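Each chain gets a letter, A, B and so on, in the order its sequence line appears, and its residues count up from 1. Values below: all heavy atoms of this structure, side chains included; hydrogens, waters and symmetry mates excluded. Predicted, not measured: the structure shown is a model, and the values here were computed from it.
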There are 2 protein chains.
Amino acid sequence: MNHEEDELNELLILFYFGYRTFTEKPNQMIQKYGIQRVHHRILFFIARIPGITVNELLTVLEVTKQALNHPLRQLTEKGFILHKPGEFDKRYKQLYLTDRGVNLERELSKVQQEQMKTIFTKLGGNHQEAWVDVMKELSSVRPGQKFFKDLFLTKNSETNINNK
Amino acid sequence: MNHEEDELNELLILFYFGYRTFTEKPNQMIQKYGIQRVHHRILFFIARIPGITVNELLTVLEVTKQALNHPLRQLTEKGFILHKPGEFDKRYKQLYLTDRGVNLERELSKVQQEQMKTIFTKLGGNHQEAWVDVMKELSSVRPGQKFFKDLFLTKNSETNINNK
DNA sequence: AAATTAGGTCAATAAGATTGACTTATATGA
DNA sequence: TCATATAAGTCAATCTTATTGACCTAATTT
């Protein structure tokens, strides 16, 4: 058994500890706002797709609407997000970040990016690209990720469609 | 902004979806035994360090003893682990996998390894090594990981020490 | 007018974790 | 030997995140 295979035995530990480290700083930062991991994810996806609807968001996150409802309301109460009824169909609730929300999301993203950047810089070579490639392969099989990708492309060209 | 930096904006999504994919199959497999993620992690660490004590295990996992107590008892009741009082100090409870436990742990590890192996093979080059390097950097800052490494080295040479 | 859809809400349940307090058994040091 | 410390177990209350199921309103579509 070679060195690389040896380390495959420790996949679980790498993922477990790696994910804990990756989320540790943002978790501490958001604590003072009384929010948690799930709220960060929500902020993240609304930042990527402003105007995303509730149904789209829960499809992306792969959770139920009951699971989404409470944190979403908390984020609204705390002034991080706001919603507008859909322009063409008022049943849809379109979600946007407030300025406050944009700032928080950026702050959290920045910490995670800098943490990873430090590691990529230290290791050098093609470590960043290789790591991203592998994680994208894992992510690519998720229905939520597929849905997100489609949404991302659609919504990016939506302005044009709407103004036709 | 170049391609690589672009992808750094999506770190959270890569980790979130990646971790979900990574744990999806084992989660399905252990469901039929009525156990969950935390039980898999416990099995994993006992497999790596047979004879680990309760206190050592909760230090590695970075959880409280109350959080460990219940799943540990379940695993004992279901016949996946057993314990022996410490040879030199009977207060210590040393944890071991039963044959059943060994088999389950192996089965779960195998699924995760094969999933990753498929990706590494597809991507080729030094993707595996690079990915492991990055995850090790993230893991290395965890107190639980440090403690685990020390334990791993100590317990591996313990037989010699005990037979002095 | 009826059916469908988007979203909200209530209730019950569950896993996984926390803090705090207390008990038992064992070991150790003054 | 007695006091203290340590390893582990347990009880209780609480919390977050999630689930399934049922039911409601409002808006839209057929």
Side-chain angles (χ1 to χ4, degrees), chain A residues 16 19-20 23-24 26-28 30-43 46 51-78 81-96 144 147 151, chain B residues 16 19-20 23-24 26-28 30-43 46 51-78 81-96 144 147 151:
Chain A
Y16 177 62
Y19 195 56
R20 275 190 89 131
T23 54
E24 196 173 39
N27 281 349
Q28 283 167 356
I30 56 185
Q31 234 179 2
K32 70 165 181 253
Y33 301 107
I35 56 174
Q36 288 83 28
R37 195 94 298 277
V38 62
H39 303 85
H40 181 187
R41 285 198 291 266
I42 292 171
L43 291 176
I46 299 178
I52 189 171
T53 67
V54 172
N55 231 305
E56 287 166 347
L57 184 53
L58 62 89
T59 305
V60 168
L61 289 168
E62 296 179 34
V63 295
T64 60
K65 73 180 162 175
Q66 292 90 329
L68 190 59
N69 186 271
H70 190 219
L72 210 51
R73 211 172 10 175
Q74 288 173 309
L75 286 172
T76 310
E77 281 163 11
K78 287 169 195 290
I81 62 175
L82 54 85
H83 23 83
K84 293 196 284 194
E87 203 175 340
F88 306 108
D89 188 333
K90 286 170 198 159
R91 289 175 305 176
Y92 291 86
K93 189 186 196 174
Q94 293 193 288
L95 303 165
Y96 298 89
F147 191 77
L151 264 187
Chain B
Y16 177 63
Y19 194 55
R20 274 190 88 131
T23 54
E24 196 173 40
N27 281 350
Q28 283 168 354
I30 55 185
Q31 235 181 0
K32 71 164 180 257
Y33 300 106
I35 57 173
Q36 289 82 29
R37 196 93 300 275
V38 62
H39 304 84
H40 181 188
R41 286 198 291 265
I42 292 171
L43 291 176
I46 301 178
I52 190 171
T53 66
V54 172
N55 231 305
E56 287 166 347
L57 184 54
L58 61 91
T59 305
V60 168
L61 289 167
E62 296 180 33
V63 295
T64 60
K65 74 180 161 176
Q66 292 91 329
L68 190 58
N69 186 270
H70 190 219
L72 210 51
R73 209 170 14 176
Q74 288 174 308
L75 286 172
T76 310
E77 281 162 10
K78 287 169 193 292
I81 62 175
L82 53 87
H83 22 82
K84 291 196 282 192
E87 201 175 340
F88 306 109
D89 188 333
K90 286 168 198 161
R91 289 174 306 178
Y92 291 88
K93 189 183 192 176
Q94 295 194 288
L95 302 164
Y96 299 89
F147 191 79
L151 264 186

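Residues passing the ring-ring contact (aromatic ring centres under 6.0 Å, His included) test with A/Tyr33, sequence neighbours excluded: A/Phe80.
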Steps toward side-chain contact (heavy atoms from CB on, under 4.5 Å) verdict (B/Gln36, B/Asn27):
CA-CA 6 Å; B/Gln36 289 82 29; B/Asn27 281 350; over 6 Å; no

Kindly indicate, with the supporting measurements, whether the criterion side-chain contact (heavy atoms from CB on, under 4.5 Å) is fulfilled by B/Thr76 and B/Leu82.
CA-CA 6 Å; B/Thr76 310; B/Leu82 53 87; 6.0 Å; no

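When all heavy atoms of A/Val54 and A/Leu68 are compared, the pair lying nearest together is O-CD2, 3.7 Å. Pairing each heavy atom of A/Pro85 with each of A/Lys90, the nearest pair is CB-O, 4.0 Å.
Atom CG in A/Asn69 sits roughly 14 Å away from atom P in D/dT17 (whole-Å rounding). Rounded to whole Å, the distance from CD on A/Gln94 to C1' on C/dG7 is 14 Å. We find that OH of A/Tyr92 is positioned 11 Å from C1' of D/dT29, with the value rounded to whole Å. Computed from coordinates, the B/Ile81 CD1 to D/dA8 P distance equals 13 Å when rounded to whole Å. D/dT17 atom P lies 14 Å from atom CZ of A/Arg73, rounded to whole Å.
Donor-acceptor pairing under 3.5 Å is recorded for the side chains of B/His40 and B/Arg37. When only modelled atom types and interatomic distance are considered, B/Gln94 and B/His83 share no side-chain donor-acceptor pair under 3.5 Å.
Under 4.0 angstrom from either OP1 or OP2 of C/dT5 there lies no side-chain N or O belonging to A/Asn55.
The NZ atom of A/Lys65 lies 8.5 Å from the CG atom of A/Leu58; values are rounded to the nearest 0.5 Å.
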Which pairs, protein N/O on one side and nucleotides 24-30 of chain C N/O on the other, fall under 3.5 Å?
from   : atom 1 : to      : atom 2 : distance (Å)
C/dT26 : O2     : B/Arg91 : NH1    : 3.2
C/dA27 : OP1    : B/Lys90 : N      : 2.9

For nucleotides 13-22 of chain C, 5' to 3', base contacts (B), sugar-phosphate-only contacts (S) and non-contacts (-) with protein non-hydrogen atoms under 4.0 Å give --SSSBBBB-

